[in-house]
Amino acid sequence: MIIVTMRLIRRVQLLGCVLVLRFLVLVLWDVPAAWALDNGLAMTPTMGWLHWERFMCNIDCKEEPDSCISENLFMQMADLMDSEGWKEVGYEYLCIDDCWMAPQRDSKGRLQADPTRFPSGIHHLANYVHSKGLKLGIYADVGKKTCAGYPGSFGHYDIDAETFANWGVDLLKFDGCYCDSVEQLADGYKHMSLALNKTGRSIVYSCEWPLYMWPFRKPNYTEIRQYCNHWRNTGDVYDSWQSVKSILNWASFNQKTIVSAAGPGGWNDPDMEDNIEVWERPLSDLAWAVAIVSLQEIGGPHSFTMNIASLGQGVACNPACHITELLPKKKKLGFYEWTSCLKTRINPTGTVLLRLDSQTT
């Protein structure tokens, strides 16, 4: 799928909200359909809104109450999707990305929303979203932690699926950070797929399985489409034509592999766009220079969290790297594994320049 962003006008501009239209990449309707996860969902590409594009992992509700990850943000977005007419043209999913969770599970081992930012809980939010004629999506991770460091679902797949179903969730975006092996990754994605179906609730299953598999081996799309409704193939997209072209080039080069996998019930997913530009250049000795440029023109600094796997064309930190910030202030950021995430804070129109030194052994 290509994800096309549309900026809402009038009131939505105050939040810089971006709606996401997902449709098939390089797969036309005259291509024979390939059967995917047999749950009767995603017969056409999913359309809706996801918070990461604009708000990323902003949890500072004290300094930025109107743009932090909170129930108020999602209730406001539900109101706008309803009142501005986006629901009527097919944008039906309102999706929560990373950073909604509390730092720990509850006493019964269940995931829980941050009590300060989501005081009414996810079930209450789901009811509100449903009252607007929309569906609620949520985020979790197949590994031991989410990409931003919150509790992962490893070892808790069944209870997490039951929790999401009990809350009234309609879509799960399942990320792939902090797995110890590709076998653990694949087993986790399969387990969660079966666990979701076992709940009896219709929950669209969006996987990042191929994204984390490609650096190690060619994904088995025949197998993946039996378990997932969407699957990510590439790293994060950024607000630059260079980034868009890189994904189109990748899809074109790999179309013999990915085209036959997609069709009603299962779709290729090239991700979304963030309000930043990322420029990359290889250096000597397997090092990379990465510049992160904020396209925001007003307001205060914002935090951005990126998958390490998406930097340096996916090879700079495979399997790990040392990262040094060169601008705006030189400092060592430390050692990062390919499955981890990097969080940085950038001023409006500002730039953060990084050096990534590959750790190959």
ask   = Rounded to the nearest 0.5 Å, how far does CD of Q104 lie from OH of Y150?
value = 10.5 Å
query = Would L80 and M47 show up in the same hydrophobic cluster when neighbours are defined by side-chain heavy atoms closer than 4.5 Å?
reply = yes
message = Any side-chain to backbone donor/acceptor pair from D114 onto R117? Under 3.5 Å, distance only.
response = yes
ask   = Aromatic rings Y189 and W209: how do their planes relate, parallel, tilted or perpendicular, breaks at 30° and 60°?
value = parallel
message = Please find the pair of heavy atoms, one from R225 and one from T222, that lie closest to each other, and give the distance.
response = CG-O, 3.3 Å
inquiry  = Once rounded to the nearest 0.5 Å, what's the spacing between atom CG of D175 and atom OH of Y139?
reply    = 3.5 Å
ask   = E63: what forms a salt bridge (charged side-chain N to carboxylate O under 4.0 Å, His left out) with it, not counting sequence neighbours?
value = none
query = Got a salt bridge between K144 and D180, using NZ or NE/NH1/NH2 to carboxylate O under 4.0 Å?
reply = yes
ask   = In terms of side-chain geometry, is the basic nitrogen of R105 or D160 positioned less than 4.0 Å from the acidic oxygen of its partner?
value = yes
task = For residues G266 and W231, report the shortest heavy-atom separation together with the two atoms involved.
result = C-CH2, 3.4 Å
request  = Measure the distance from the SG of C341 to the SG of C147 and say whether it is below 2.5 Å.
outcome  = no
inquiry  = Counting only heavy atoms from other residues, nucleotides and ligands, does the tally under 6.0 Å from NZ of K135 exceed 12?
reply    = no
ask   = In terms of hydrophobic clustering (I, L, V, M, F, W, Y; side-chain heavy atoms under 4.5 Å; direct or indirect links), are F118 and L94 co-clustered?
value = yes
ask   = Given F164 and L136, is the side-chain contact (heavy atoms from CB on, under 4.5 Å) satisfied, shown in steps?
value = CA-CA 10 Å; F164 298 145; L136 182 69; over 6 Å; no
query = Between L134 and Y93, is any pair of side-chain heavy atoms under 4.5 Å apart?
reply = no
query = Would you find a donor on one side and an acceptor on the other, under 3.5 Å apart, between the side chain of N166 and the backbone of E162?
reply = yes
ask   = Atom CD1 in I346, atom OG1 in T351: separation rounded to 0.5 Å?
value = 7.5 Å
ask   = Ion pair present between K190 and E223, side-chain N to carboxylate O less than 4.0 angstrom?
value = yes
remark   = Note: with side-chain heavy atoms under 4.5 Å as the link, the other cluster members for L283 come out as none
inquiry  = Nearest 0.5 Å, please: how far is CG in L171 from CD1 in I203?
reply    = 9.0 Å
query = Quick one: do Y91 and W49 end up in the same hydrophobic cluster if we chain Ile, Leu, Val, Met, Phe, Trp and Tyr together by side-chain heavy atoms under 4.5 Å apart?
reply = yes
message = Under a 3.5 Å threshold, yes or no: a donor from one side chain and an acceptor from the other, between N39 and Y227?
response = no
ask   = Does the distance from a Lys or Arg side-chain N to an Asp or Glu carboxylate O, for R355 and D357, drop under 4.0 Å?
value = yes
inquiry  = Whether R201 and D170 form a salt bridge (side-chain N of Lys/Arg under 4.0 Å from carboxylate O of Asp/Glu) is what I want to check.
reply    = yes
Result of checking K173, M213, H230 against E208 for side-chain contact (heavy atoms from CB on, under 4.5 Å) = K173
inquiry  = Checking the side chain of D106 only, and the main-chain atoms of R110 only, is there a donor and an acceptor separated by less than 3.5 Å?
reply    = yes
N229 side-chain N/O to A42 backbone N/O, donor-acceptor pair under 3.5 Å = no
Side chain H51, main chain I96, donor-acceptor under 3.5 Å = no
message = To check you understand the geometry: which heavy-atom pair defines the closest contact between L342 and L311, and what is its length?
response = CD2-CD1, 4.4 Å
query = What closest approach, in Å, do T146 and C177 show between heavy atoms, and which atom pair accounts for it?
reply = C-CB, 4.2 Å
request  = Provide the closest heavy-atom pair for G176 versus L185 in the form atom of the first, atom of the second, distance.
outcome  = O-CD1, 3.9 Å
Spatial distance of atom CG (D141) from atom CZ (F174) [nearest 0.5 Å] = 6.5 Å
query = Would you say the side-chain atoms of H191 pair up with the backbone N or O of D187, donor to acceptor, closer than 3.5 Å?
reply = no
Only distances under 3.5 Å count here; give the side-chain donor-acceptor pairs of residues 321-338 to other protein atoms, sequence neighbours excluded, each with its distance to 0.1 Å.
unit_1: H322; atom_1: NE2; unit_2: Q359; atom_2: OE1; d: 3.4
unit_1: W338; atom_1: NE1; unit_2: G314; atom_2: O; d: 3.2

task = Rounded to the nearest 0.5 Å, what's the gap from OG on S70 to CZ on F55? Could you check?
result = 9.0 Å
inquiry  = If you compare all heavy atoms of C99 against all heavy atoms of I69, which two are closest, and at what distance to 0.1 Å?
reply    = O-CG2, 4.1 Å
